[in-house]
**Student:** 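One structure is given below, represented as structure tokens, and several questions about it will come after.
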Amino acid sequence: MNQDPLISEDYFTRVYEVVALIPYGKVTSYGAIARYLGTASAARMVGWAMNHAHVNQPQLPAHRVVNRNGLLTGKAHFFPVSMQERLEAEGIQVKEDEIVDFTQHFWDPVVELQFS
DNA sequence: GTGGTGACGACAC
DNA sequence: GGTGTCGCCACCA
């Protein structure tokens with residue numbers, strides 16, 4: 001019934017699709033994903049999807065998704081591997097549970113994917 | 001069907 | 001400039 005493949009799945013799946021598209025060594029924010037999905041104000045919904053991400057998509061690179069401040073808010077949910085450890089493994093520096101040069105590593109799906 | 005929740009974001013003070 | 005509060009939408013009990 002839906003027109004676009006990105007919205008043909010559940011909202012959760014849409015989030016997973018975008019997160020899965022995050023390139024190596026890049027990070028994005030919940031709000032950026034929410035805006036790409038058309039629900040900019042529902043950034044919390046993205047976080048919720050991530051809450052079950054480890055159940056539906058355990059392979060999902062959720063460690064590349066942080067809040068608008070570049071803070072590793074969801075690191076507490078990461079197990080057994082620390083979120084910071086994974087980011088550093090990709091060349092992203094993390095200081096005080098916060099990504100260094102967050103804007104530099106920021107990857108905006110709206111800009112990068114730009115609905116092309 | 002209603003209420004509450006949530007890995008957030010923006011605005012107000 | 002930092003802290004606090006509200007809003008927001010979709011899912012779960």
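Each chain gets a letter, A, B and so on, in the order its sequence line appears, and its residues count up from 1.
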**Student:** May I have the distance from A:Asn56 (atom CG) to C:dC11 (atom P), rounded to whole angstrom?
**Tutor:** 12 Å
**Student:** Provide, to the nearest angstrom, the distance between the NE2 atom belonging to A:His54 and the P atom belonging to B:dG6.
**Tutor:** 13 Å
**Student:** Could you tell me whether a side-chain N or O of A:Asn67 sits under 3.5 Å from a main-chain N or O of A:Asn69, the two making a donor and an acceptor?
**Tutor:** yes
**Student:** Members other than A:Val55 in its cluster, when Ile, Leu, Val, Met, Phe, Trp, Tyr link by side-chain heavy atoms under 4.5 Å?
**Tutor:** none
**Student:** Taking Watson-Crick and G-U wobble pairs with both distances under 3.5 Å, convert DNA chain C into its dot-bracket string, 5' to 3', dots for unpaired and | for cross-strand pairs.
**Tutor:** .||||||.|||||
**Student:** Could you name each residue pair satisfying side chain to side chain donor-acceptor pair (under 3.5 Å) that touches residues 94-111 of chain A, not counting sequence neighbours?
**Tutor:** A:Lys75-A:Asp97
**Student:** Between A:Arg64 (side chain) and A:Ile22 (backbone), is there a donor-acceptor pair under 3.5 Å?
**Tutor:** yes
**Student:** Can you tell me how far the CG atom of A:Leu71 sits from the OG atom of A:Ser29, to the nearest 0.5 Å?
**Tutor:** 12.5 Å
**Student:** Write down the protein N/O and nucleotide N/O pairs, taken from nucleotides 8-10 of chain B, whose separation is under 3.5 Å; answer none if there are no such pairs.
**Tutor:**
unit_1 : atom_1 : unit_2  : atom_2 : d
B:dC8  : OP1    : A:Thr73 : OG1    : 3.4
B:dC8  : N3     : A:Arg44 : NE     : 3.3
B:dC8  : N4     : A:Arg44 : NE     : 3.4
B:dC8  : N4     : A:Arg44 : NH2    : 3.2
B:dG9  : OP1    : A:Gly31 : N      : 3.4
B:dG9  : OP1    : A:Arg68 : N      : 3.0
B:dG9  : OP2    : A:Arg68 : N      : 2.7

**Student:** Could you check how far CG of A:Asn51 sits from C1' of C:dC11, rounded to whole Å?
**Tutor:** 10 Å
**Student:** Between A:Asp10 (CG) and C:dA10 (P), how many Å, whole number?
**Tutor:** 12 Å
**Student:** Residues from residues 79-102 of chain A sitting under 4.0 Å of DNA chain B, heavy atoms only?
**Tutor:** none
**Student:** In chain order, what residues pass the side-chain contact (heavy atoms from CB on, under 4.5 Å) check against A:Gln93, with sequence neighbours excluded?
**Tutor:** A:Val100
**Student:** How close or far is atom P of C:dC11 from atom CZ of A:Phe12, stated in whole angstroms?
**Tutor:** 6 Å
**Student:** Expressed in angstrom and rounded to an integer, what is the separation of A:Leu37 atom CG from C:dC8 atom C1'?
**Tutor:** 14 Å
**Student:** Would you kindly give the CZ-to-C1' distance between A:Phe78 and B:dA7, to the nearest whole Å?
**Tutor:** 9 Å
